[in-house]
Amino acid sequence: MDKSSISARIEDIRKKYGSDLVILGHHYQADEVVEHVDIVGDSLELARRIPDIEARNIVFCGVFFMAESASLLARPGQRVFLPDHSADCAMARMAKAEDVEKVLEKLAASGRKVVPLAYVNSSLAVKAVVGRFGGAVCTSSNAKVMLEWAFKQGDAVLFLPDRNLGRNTAKQLGIPAEQQVEIDAAGKKLDSEEARNARLLLWPGCCPIHEQLMKPEMVTEFHKHFPGCRVLVHPECSPEVVDICDGSGSTAFLIKEAEKAAAAGTEPALCIGTEFHLVHRLMERYADRINIIPLAQATCHDMEKVDEPSLLATLERLESGEGVVTVDEALKAPARESLMRMLENCR
Ligand code: 13P
Ligand code: SF4
């Protein structure tokens, strides 16, 4: 089938299901997918919208952890589909639930109250462990509020899996670097003097796209070519990058800033450091008003696994239930607890 036939078939199926089908998509999805989506958003926005959806079928165009959270927050009888189950965030894979649990048990045995705070880019099993240990989930939109919350709950915080978001957010709260320690997944470093005294323990995880493909010298180069113009990045970039940028925030923040800059028309160029599908969309949307430049042409291969053919295949077999994301019953209550702590603190 050619592209236009696939597109038309997807639209036919959407029409057939009407209000019984809602398609959600993350901002990193390619345009060919976004054009079929009912709700497009960042991780926080998409999680927030789930409880209000009444449709029996929810198709989530994004990565596995997002669909897992959607499945957890969905109503009884609703089904959440992910077009490609192998679309699994590389960062989320860096924190295994059993390792997180062992580290938290070791910390609990030390007598200190260490509160876990899990970035939403983590498996549901990790969210469940975090929930059982009194912790919560956060997204890049509310990491500052949630880190402040976590510090109030105990003596120290274990931030996972993203060491960069952890460090960048700690800087906003004025936590000195000497009070932060990156640990190892086996928990060996927990025995060190500095880890025992640290206020913030960081899991050794990162987003390979934001950490490895976006470098400080790229920011310097842009500033040199476009003096006075801003570089805005996602906080999954390393602190070395974020520290020399002109702002950082979630995908929703980056979109808002591009929109404002295009409306004001006072900046000749704006550089954006995040996944390329989103940056490319902004470049095209505002091409007549501002020169939007990507910090790097970095695409997320997991997000790319969802495309028009896989979306169509999912829609074609909706009735069979194939492709449904299910959640282990035993994980539901504790994982929901950690997610609800975030949703309640960030209404
Ligand atoms: P947002 O929470 O900003 O949508 O980002 C999610 C993500 O995976 C970034 O790499
Ligand atoms: Fe995960 Fe990075 Fe892809 Fe975001 S861009 S989904 S953090 S691998």
Side-chain angles (χ1 to χ4, degrees), residues 24-30 33-34 37 39-50 60-70 82-95 117-124 126-127 137-147 159-166 168-169 203-214 232-238 241-242 247-258 272-282 294-307 339 342-343 346:
L24 299 162
H26 188 266
H27 291 305
Y28 289 166
Q29 290 292 299
V33 172
V34 170
V37 154
I39 303 170
V40 61
D42 67 357
S43 306
L44 180 60
E45 172 68 6
L46 294 173
R48 267 189 182 147
R49 298 292 287 270
I50 300 291
F60 205 109
C61 299
V63 286
F64 198 77
F65 76 82
M66 296 178 176
E68 264 188 332
S69 299
L82 178 70
D84 188 330
H85 281 214
S86 74
D88 189 14
C89 167
M91 180 201 291
R93 286 198 298 269
M94 292 179 193
L117 184 60
Y119 187 26
V120 71
N121 294 39
S122 52
S123 70
L124 204 87
V126 164
K127 291 182 180 93
V137 168
C138 73
T139 73
S140 55
S141 290
N142 59 27
K144 190 172 164 216
V145 174
M146 291 310 296
L147 188 55
F159 192 93
L160 68 146
D162 190 3
R163 59 179 166 217
N164 293 325
L165 181 63
N168 291 326
T169 312
W203 195 263
C206 69
C207 165
I209 290 109
H210 287 87
E211 187 182 273
Q212 286 160 24
L213 303 178
M214 299 182 198
L232 304 176
V233 297
H234 197 280
E236 288 174 10
C237 288
S238 70
V241 167
V242 172
S248 71
S250 69
T251 49
F253 163 84
L254 298 170
I255 294 166
K256 228 174 266 158
E257 286 300 310
I272 298 189
T274 195
E275 208 273 345
F276 186 63
H277 286 105
L278 171 58
V279 185
H280 184 255
R281 188 169 308 125
L282 298 174
L295 185 63
Q297 286 205 10
T299 52
C300 173
H301 297 309
D302 284 297
M303 285 279 181
E304 271 179 335
K305 285 179 181 167
V306 177
D307 53 13
L339 265 163
M342 170 184 81
L343 295 175
C346 305

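In listed order, ligands and their atoms are each counted from 1. Bear in mind that the values here come from a model prediction, so they are computed numbers and not experimental data.
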For a quick test of reading the model, state the closest non-hydrogen atom pair linking A90 to D302 and the distance between them. N-OD2, 3.9 Å

Give the atoms of ligand 2, by number and element, whose distance to some non-hydrogen atom of I209 is under 4.0 Å. 2 (Fe), 8 (S)

Mind telling me whether H234 and H210 have parallel, tilted or perpendicular rings, with 30° and 60° as the class edges? tilted

Closer than 4.0 Å to some heavy atom of Y28 - which atoms of ligand 2 meet that? 4 (Fe), 5 (S)

What orientation do F276 and H280 show, parallel under 30°, tilted 30 to 60°, or perpendicular over 60°? tilted

Please name the pair of heavy atoms, one in P83 and one in C61, separated by the smallest distance, quoted to 0.1 Å. CG-SG, 4.5 Å

Applying salt bridge (charged side-chain N to carboxylate O under 4.0 Å, His left out), run through E68 and K127 and close with a yes or a no. CA-CA 11 Å; E68 264 188 332; K127 291 182 180 93; 5.4 Å; no

Taking 2.8 Å as the cut-off, does an N/O/S atom of C207 lie below it from atom 2 (Fe) of ligand 2? yes

Are any non-hydrogen side-chain atoms of S43 and Y119 less than 4.5 angstrom apart? no

N, O or S of C300 under 2.8 Å from atom 3 (Fe) of ligand 2: yes

Minimum-distance protein heavy atom relative to atom 1 (Fe) of ligand 2: C89 SG, 2.4 Å

Which N/O atoms of ligand 1 sit under 3.5 Å from a protein N/O, and at what distances?
unit_1	atom_1	unit_2	atom_2	d
ligand 1	2 (O)	S43	OG	3.0
ligand 1	2 (O)	S140	OG	3.2
ligand 1	3 (O)	S140	OG	2.9
ligand 1	3 (O)	H234	NE2	2.9
ligand 1	3 (O)	T251	N	2.9
ligand 1	3 (O)	T251	OG1	3.2
ligand 1	4 (O)	H26	NE2	2.7
ligand 1	4 (O)	S43	N	3.0
ligand 1	4 (O)	S43	OG	3.4
ligand 1	4 (O)	T251	OG1	3.0
ligand 1	5 (O)	H234	NE2	3.3
ligand 1	8 (O)	N121	ND2	3.1
ligand 1	10 (O)	Y28	OH	3.4
ligand 1	10 (O)	E236	OE1	2.8
ligand 1	10 (O)	E236	OE2	3.1

